[in-house]
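Structure record follows, encoded as structure tokens.
Quick caveat: nothing in here was measured; it's all calculated off a predicted structure.
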There are 2 protein chains.
Amino acid sequence: MTTQGPGLHTHVLDTLGLEIAAGEHPPGQVLRTDELAQRFDVSRTVVREVIRVLESMHLVESRRRVGVTVRPTEAWNVYDPQVIRWRLAGADRPRQLRSLTVLRSAIEPVAAGLAARNATPEQCAALTECALGMVATSRGQQLEGYLEHDIAFHRIVLNASGNEMFARLGDVVAEVLAGRTHHQVMFEDPDPAAVTLHVRLAEAVREGDAVEAERLTKEIAVGALHELDVLAP
Amino acid sequence: MTTQGPGLHTHVLDTLGLEIAAGEHPPGQVLRTDELAQRFDVSRTVVREVIRVLESMHLVESRRRVGVTVRPTEAWNVYDPQVIRWRLAGADRPRQLRSLTVLRSAIEPVAAGLAARNATPEQCAALTECALGMVATSRGQQLEGYLEHDIAFHRIVLNASGNEMFARLGDVVAEVLAGRTHHQVMFEDPDPAAVTLHVRLAEAVREGDAVEAERLTKEIAVGALHELDVLAP
DNA sequence: AGGAACAAAAAGTACGACGTTTATGTCACA
DNA sequence: TGTGACATAAACGTCGTACTTTTTGTTCCT
């Protein structure tokens, strides 16, 4: 997936963002707007708009008389879903996947605890449905279907937490889960233990058992971390 | 604080971002680039660049023949420090402060635990120094000095965790702490219990006691949450 | 009523010109 | 030889205009 619809601007932005995230333009390198316009065969107007967006993500910095400088990684807006996507597509996907999974392991247990207190009946029902969907697709190479339910499940938990910051992490989680499924062991069925944990988590949330929900989510998280440890360098 | 240096672009971006974050342009409202150009007395070029940045933050959506539509809050990139600053300056600062504090309460304990394992001697020393600075400024209306040390302290912990996603949350924490200090009880000295907890946390990190570091940070977090509950609606 | 052709509105794109800042080199002077 | 003022040029910043494309509303014909 590149990004969205048509548009000259979109193409240039996506290409440049991908390149920078991949480290093809090391920090400190300067890009000239004229050169970029020539390279992509677009007007300087389009390039400038792209630069402005990249600048708002702190991927580059534009200064007069010097040009557009690529900024070091520490400056990047690493929570921007767009940036995350670019980085996950690049070379250090493993590193990125790991740090995002650690982030999940911090957030999701707390979110699950809150969800147990705040989830609406509709959310509980949807959660149970997702868990059942995971069970149904957990065997026989139905990884795409499983992934879909898995993403939906975690998204519901984050939304049900009632905290806006948690809810907006749904996209990040989706990227992580998708990345994990698509770039690691496509030949194995998901861990049965994880499936069970999700089912029990749906129950705990439905029953309003916050501490159990938090505990189960922590277990899911450590499972995910362990999975990364065995499957990645 | 508006944002950064000079530049026509910066001014328009900041003004519009502030207005949208404040809800002055409700979701669904359409802005026309020509109108904006007229209003700010700048060229359409400048307006378009601003729109593109706003669009990358998912604050607006630009479509042909219809105009620039303001998007609902759920779509916003609420992790973008710029967006956070805009929202914190607006009307629903209390709500925002609360959800950010909950986020902190999820992240920082885990980060502190990691910091206890990974912190370098230099980081430990800096941490202790910050804690001492907090003690020194904890009495006698030195709130600005205290804030400075407090921010530095938490930033070090997040950095020392070794996780990039945690580290990049330093700016958010800084905004929260600053917002809390500047918009609530400026007349009271900080809670002595909190000061003690920070000192003990610095010790725990230095000694590599991860579980104690996590526990102490949780205590700090519940203290902050409680403080919000008594001081805000 | 239904659909197809058409017209208008707004953003998207391009281009060329000029302004502004600032890194850098040069020259004079001590 | 070193230092400071000054000129220069390179890059981005801003502007105005003209043209293109897409979407949408309207009108007219069947």
Side-chain angles (χ1 to χ4, degrees), chain A residues 2-17 19-20 24-72 75-77 82, chain B residues 2-17 19-20 25-72 75-76 82:
Chain A
T2 58
T3 315
Q4 28 167 339
L8 238 341
H9 171 267
T10 305
H11 171 243
V12 178
L13 175 64
D14 214 55
T15 306
L16 267 183
E19 288 181 2
I20 295 176
E24 289 178 37
H25 305 286
Q29 175 172 350
V30 294
L31 312 169
R32 244 89 31 76
T33 53
D34 289 318
E35 281 183 13
L36 293 173
Q38 235 185 320
R39 171 183 164 197
F40 289 102
D41 193 37
V42 295
S43 71
R44 205 165 68 99
T45 312
V46 172
V47 172
R48 293 193 83 285
E49 288 171 13
V50 170
I51 294 301
R52 278 274 144 78
V53 172
L54 255 21
E55 200 174 24
S56 87
M57 297 169 173
H58 293 98
L59 262 60
V60 302
E61 187 188 10
S62 177
R63 279 171 54 204
R64 280 177 156 142
R65 161 67 179 165
V66 50
V68 178
T69 317
V70 178
R71 301 187 68 178
W76 299 356
N77 266 355
Q82 178 89 87
Chain B
T2 59
T3 315
Q4 26 168 339
L8 234 345
H9 172 267
T10 305
H11 172 244
V12 177
L13 175 64
D14 214 56
T15 306
L16 267 184
E19 288 180 1
I20 295 177
H25 305 286
Q29 176 174 349
V30 295
L31 313 168
R32 251 82 48 95
T33 54
D34 287 317
E35 280 183 13
L36 293 173
Q38 233 184 323
R39 171 183 164 196
F40 289 102
D41 193 37
V42 295
S43 71
R44 206 165 67 99
T45 312
V46 172
V47 172
R48 295 194 81 278
E49 288 170 13
V50 170
I51 294 302
R52 278 273 143 80
V53 173
L54 254 23
E55 199 174 26
S56 86
M57 298 169 172
H58 293 98
L59 262 61
V60 302
E61 188 188 10
S62 176
R63 278 171 53 204
R64 277 177 159 148
R65 164 63 174 153
V66 51
V68 177
T69 318
V70 178
R71 301 186 67 178
W76 299 356
Q82 179 90 89

Next on the checklist: For Arg32(A), give me all partners under salt bridge (charged side-chain N to carboxylate O under 4.0 Å, His left out), at least two apart in sequence or on another chain.
Outcome noted: Glu35(A)

Checklist entry - Sequence neighbours excluded, which residues qualify as side chain to side chain donor-acceptor pair (under 3.5 Å) partners of Glu24(A)? => result none

Checklist outcome for this item: Interatomic distance, OG@Ser62(B) vs CG@Leu54(B), rounded to 0.5 Å, equals 11.0 Å

Checklist outcome for this item: Counted 5' to 3', the first and last nucleotides of DNA chain C within 4.0 Å (strictly under) of a heavy-atom of chain A are dT13(C) to dT24(C)

Item to check | For Arg52(B), all residues meeting side chain to side chain contact (heavy atoms under 4.5 Å, CB included), sequence neighbours excluded | outcome: His9(A), Glu49(A), Val53(A), Arg48(B), Glu55(B)

Item to check | Distance, rounded to the nearest Å, where Asp34(A) contributes CG and dC12(D) contributes P | outcome: 6 Å

Next on the checklist: Please enumerate all residues that pass side chain to side chain contact (heavy atoms under 4.5 Å, CB included) together with Pro72(A), with sequence neighbours excluded.
Outcome noted: Pro27(A), Glu74(A)

Item to check | Check against side chain to side chain contact (heavy atoms under 4.5 Å, CB included), Ile51(A) and Leu36(A) | outcome: CA-CA 10 Å; Ile51(A) 294 301; Leu36(A) 293 173; 4.1 Å; yes

Checklist entry - Arg39(A): what forms a salt bridge (charged side-chain N to carboxylate O under 4.0 Å, His left out) with it, not counting sequence neighbours? => result Glu19(A)

Each nucleotide N or O in nucleotides 13-17 of chain D that has a protein N or O under 3.5 Å away: list the pair and distance.
residue: dG13(D); atom: OP1; partner: Arg52(A); partner atom: NH2; Å: 3.2
residue: dG13(D); atom: OP2; partner: Arg48(A); partner atom: NH2; Å: 2.5
residue: dG13(D); atom: O5'; partner: Arg48(A); partner atom: NH2; Å: 3.4
residue: dG13(D); atom: O4'; partner: Arg64(A); partner atom: NH2; Å: 2.9
residue: dG13(D); atom: O6; partner: Arg44(A); partner atom: NH2; Å: 3.2
residue: dT14(D); atom: OP1; partner: Leu8(B); partner atom: N; Å: 2.8
residue: dT14(D); atom: O4; partner: Arg44(A); partner atom: NH2; Å: 3.1
residue: dC15(D); atom: OP2; partner: Ser43(B); partner atom: N; Å: 2.8
residue: dC15(D); atom: OP2; partner: Ser43(B); partner atom: OG; Å: 3.0

Item to check | Residues that Arg63(A) engages under side chain to side chain contact (heavy atoms under 4.5 Å, CB included), provided they are two or more places apart | outcome: Glu61(A), Val66(A)

Checklist entry - Taking OP1 and OP2 of dT24(D), is either one under 4.0 Å from a side-chain nitrogen or oxygen of Arg65(B)? => result no

